Amino acid sequence: MKKLFTAAAAALLAAAFVSCSKKAAPDNSLEALKERGVFVLGLDASFPPMGFTDDDGNIVGYDIDLAKEVASRLGVEFKAQPIDWDAKEMELSSGNIDCIWNGFTITDERKEKLEMTKPYLNNDQVLVVKNNSGISSLKDAAGKLIGVQRGSSAQEAIEDNEEFATSIKETVLYPENLIALNDLEIGGVDGVVMDSVVASYDITTSNKPLVLVSEVLANEAYGVGFRKGEVKLCNEVQRILEEMAADGTVAAISTKWFGSDISVIGK
């Protein structure tokens, strides 16, 4: 009986040790960032107007302007780090970047894996087609080749819309939205599913003969993603964004890129 009690007690102690060893480490994410002195933003540098490389080789965009101001108010330098968008979570978990901030859609799955800010901009996933294609609805895309960026929420929107996904001929994956749009323009695919914010900006600035189908595949919102457990850093960025919205900085940046204040921060 004594031996059994001793064995049981040992098992309980071992379980307690394992439980203690798995205890979450203290969250020093904000302090660590300030100590490093640089805020590294991970992005797909071909995603206008959110973040992209201009003709002079500079990374610019709406998200870039917001993040630069956040970094300034944090008291650190800012660095934009282009990444493979399909490997964005891996880049974050490995420590190569401090956040994913580039039209990053908030989803339940991502909120489970990451710390995410509140929405700062709304967006829709839409079908883009040539203006003489004869495609004016999602049903008209039946039997067609549809392009999409690999690893994007647009790809998820197709997969989640069973009726649309089963009606099209095939989904063609691209590394970047702009490559997909260029292929659409020359007839490589019949349509591209992508963010309405990006599609509208590209069509307006490039005068491509493309249009957005009025039906929407999915409504969504953009947020900033941080490593799981880095609550302090995430909350501080959210606080600063709300401060920027209150003092008019966000409205000015939004008007610069979109012609009006379309931000949803603090609204």
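No experiment lies behind these values; they were computed from the predicted model shown.
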Is it possible for you to say whether [X] and [Y] belong to one hydrophobic cluster, with membership spreading through side-chain heavy-atom contacts below 4.5 Å?
X: M194; Y: V211; answer: no
X: L178; Y: V193; answer: no
X: L241; Y: M116; answer: no
X: L212; Y: I135; answer: no
X: Y120; Y: Y201; answer: yes

Determine whether [X] and [Y] make a side-chain contact, defined as any pair of heavy atoms from C-beta on separated by less than 4.5 Å.
X: I59; Y: T53; value: yes
X: N96; Y: V40; value: no
X: L30; Y: L74; value: yes
X: S29; Y: V231; value: no
X: L181; Y: L210; value: yes
X: D44; Y: M50; value: no
X: T107; Y: E156; value: yes
X: E185; Y: P209; value: yes

Flag yes if more than 12 heavy atoms outside [X] fall under 6.0 Å of its [atom1] atom; otherwise flag no.
X: K68; atom1: NZ; value: no
X: E77; atom1: CD; value: no
X: K79; atom1: NZ; value: no

If only atom types and distance count, is the side chain of [X] paired as donor or acceptor with the main-chain N or O of [Y] below 3.5 Å?
X: D140; Y: S136; answer: yes
X: T117; Y: Q238; answer: no
X: S200; Y: S196; answer: yes
X: Q155; Y: G151; answer: yes
X: D54; Y: N58; answer: yes

Mind listing the closest non-hydrogen atom pair of [X] and [Y] along with its distance?
X: G103; Y: F47; result: CA-CE2, 3.8 Å
X: Y62; Y: S263; result: OH-CB, 3.7 Å
X: I64; Y: G51; result: CG1-CA, 4.1 Å
X: V192; Y: A180; result: CG2-O, 3.6 Å
X: W101; Y: V70; result: CH2-CG2, 3.9 Å
X: K228; Y: K111; result: NZ-O, 3.2 Å

I'd like a table of donor-acceptor pairs (distance under 3.5 Å, sequence neighbours excluded) in which one partner is a side-chain atom from residues 167-174, with atom names and distances.
from : atom 1 : to   : atom 2 : distance (Å)
S167 : OG     : E163 : O      : 3.4
S167 : OG     : F164 : O      : 2.8
Y174 : OH     : D183 : OD2    : 2.3

Atom [atom1] of [X] and atom [atom2] of [Y]: how far apart are they, to the nearest 0.5 Å?
X: L127; Y: I158; atom1: CG; atom2: CD1; value: 8.5 Å
X: L41; Y: F78; atom1: CG; atom2: CZ; value: 4.5 Å
X: E176; Y: D84; atom1: CD; atom2: CG; value: 9.5 Å
X: R227; Y: I97; atom1: CZ; atom2: CD1; value: 8.0 Å
X: L92; Y: E89; atom1: CG; atom2: CD; value: 8.0 Å
X: K118; Y: I106; atom1: NZ; atom2: CD1; value: 11.0 Å

Self-check item: Verdict with supporting geometry, L43 and D63, side-chain contact (heavy atoms from CB on, under 4.5 Å)
Solution: CA-CA 9 Å; L43 80 157; D63 285 346; over 6 Å; no

Taking only Lys NZ, Arg NE, NH1 and NH2, and the carboxylate oxygens of Asp or Glu, determine whether [X] and [Y] approach each other closer than 4.0 Å.
X: R73; Y: E243; result: yes
X: E236; Y: R239; result: yes
X: D190; Y: K130; result: no

Show me, pair by pair, the donor-acceptor contacts under 3.5 angstrom made by side chains of residues 213-226, not counting sequence neighbours?
from : atom 1 : to   : atom 2 : distance (Å)
E215 : OE2    : L138 : N      : 3.0
N219 : ND2    : D124 : OD1    : 2.7
E220 : OE1    : Q125 : NE2    : 3.3
E220 : OE1    : S153 : OG     : 3.4
E220 : OE2    : T105 : OG1    : 2.9
E220 : OE2    : N123 : ND2    : 2.8
E220 : OE2    : Q125 : NE2    : 2.8
E220 : OE2    : S153 : OG     : 3.4
Y222 : OH     : N123 : ND2    : 3.3
Y222 : OH     : D195 : OD2    : 2.5

Quiz prompt | side-chain contact (heavy atoms from CB on, under 4.5 Å) between V76 and R36, intermediate numbers included | solution = CA-CA 8 Å; V76 297; R36 290 196 305 273; over 6 Å; no

Quiz item: For residues W85 and N102, is any side-chain donor paired with an opposing acceptor at under 3.5 Å?
Solution: no

Exercise. Might you work through the side-chain contact (heavy atoms from CB on, under 4.5 Å) test for V197 and F258, ending with a clear yes or no?
Key: CA-CA 9 Å; V197 169; F258 301 110; 3.7 Å; yes

Practice problem: With side-chain contact (heavy atoms from CB on, under 4.5 Å) as the test, would you mind laying out the steps for I265 and M244 before giving the verdict? | Solution: CA-CA 9 Å; I265 300 172; M244 289 165 55; over 6 Å; no

Practice problem: For the pair F52 and W257, name the ring-plane relationship: parallel under 30°, tilted 30 to 60°, perpendicular over 60°. | Solution: perpendicular

